[in-house]
Amino acid sequence: QVQLVESGGGLVQAGGSLRLSCAASGRTFGNYAMGWFRQAPGKEREFVAGISWIGVSTFYADTVKGRFTISKDHAKNTVYLQMNSLRPEDTAVYYCARGTGVRPTARNEYDYWGQGTQVTVSS
């Protein structure tokens, strides 16, 4: 079984920063990509950032490119999402997930999900 547990969400003012963590257990990193998604109230869950299983390749949604950075620590079985220059429109529940492709960006390319962590950005 695979378990993913996110942490690090909270309330921050616009322009501020947060770092989300996703602790993984079970058959996780092995040969799998990892990703972050977010879902705002009344909206579809959308891709935010991904990282290949080796950790060399990273890929981002255009809306966060240049502001967010995804990384992984194999020794700690943890994936991070560093979020800088936060905007009110970044407010959402953020989920980490395990990907099944090389550079997965679609929701159906991810098979295990965490429970999510709330990020709220005030203006």
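Keep in mind that the numbers below use all heavy atoms, side chains included, and drop hydrogens, waters and symmetry copies. Along the sequence shown, the residues carry numbers beginning at 1.
- Between W113 and R45, the closest side-chain pair of non-hydrogen atoms falls below 4.5 Å.
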Output side-chain donor-acceptor pairs under 3.5 Å for residues 9-22, partner residues at least two apart or in another chain, one line each.
{"unit_1": "S17", "atom_1": "OG", "unit_2": "N84", "atom_2": "OD1", "d": "2.9"}

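- Counting only heavy atoms from C-beta outward, the side chains of F59 and F47 approach each other to under 4.5 Å.
- Donor-acceptor pairing under 3.5 Å is lacking for the side chains of R103 and S52.
- Side-chain contact between R107 and E109 is absent, with no heavy-atom pair separated by less than 4.5 Å.
- Of all heavy-atom pairs spanning M34 and R98, the tightest one is SD-CA, 3.7 Å.
- I70 is listed as a side-chain neighbour of Y60, based on a closest heavy-atom distance under 4.5 Å.
- Of the candidates D90, V93, T91, D90 is the only one forming a side-chain contact (heavy atoms from CB on, under 4.5 Å) with R38.
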- Message: Checking Q1 against Q3 for the side-chain contact (heavy atoms from CB on, under 4.5 Å) test, could you report, in this order, the C-alpha distance in whole Å, the side-chain angles of both residues, the deciding distance, and whether it holds?
- Response: CA-CA 7 Å; Q1 278 293 341; Q3 285 191 323; 5.6 Å; no
- Applying side-chain contact (heavy atoms from CB on, under 4.5 Å), run through M83 and Y94 and close with a yes or a no. CA-CA 11 Å; M83 306 186 295; Y94 283 71; 3.8 Å; yes
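- In this structure, R67 contributes its side chain and S85 its backbone to a donor-acceptor pair below 3.5 Å.
- Going from atom CZ of R87 over to atom OG1 of T63 covers 8.0 Å, rounded to the nearest 0.5 Å.
- Counting heavy atoms from C-beta outward, L4 and Y95 have side chains that stay 4.5 Å or more apart.
- Using bins of under 30°, 30° to 60° and over 60° for the plane-to-plane angle, the ring pair F37/Y110 lands in the perpendicular bin.
- Hydrophobic clustering (side-chain heavy atoms under 4.5 Å, transitive across Ile, Leu, Val, Met, Phe, Trp, Tyr) keeps Y32 apart from Y80.
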- Task: Would you please test T78 and K72 for side-chain contact (heavy atoms from CB on, under 4.5 Å) and show each step?
- Result: CA-CA 6 Å; T78 300; K72 68 196 307 188; over 6 Å; no
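- Annotation: side chain of L86 is in contact with side chain of F68 (closest heavy-atom distance under 4.5 Å).
- Interatomic distance, I51 CD1 to S71 OG, rounded to the nearest 0.5 Å: 6.0 Å.
- At least one side-chain heavy atom of W36 sits under 4.5 Å from a side-chain heavy atom of E6.
- In plain terms, the two heavy atoms of D73 and A75 that are nearest each other are OD1-N, 3.0 Å.
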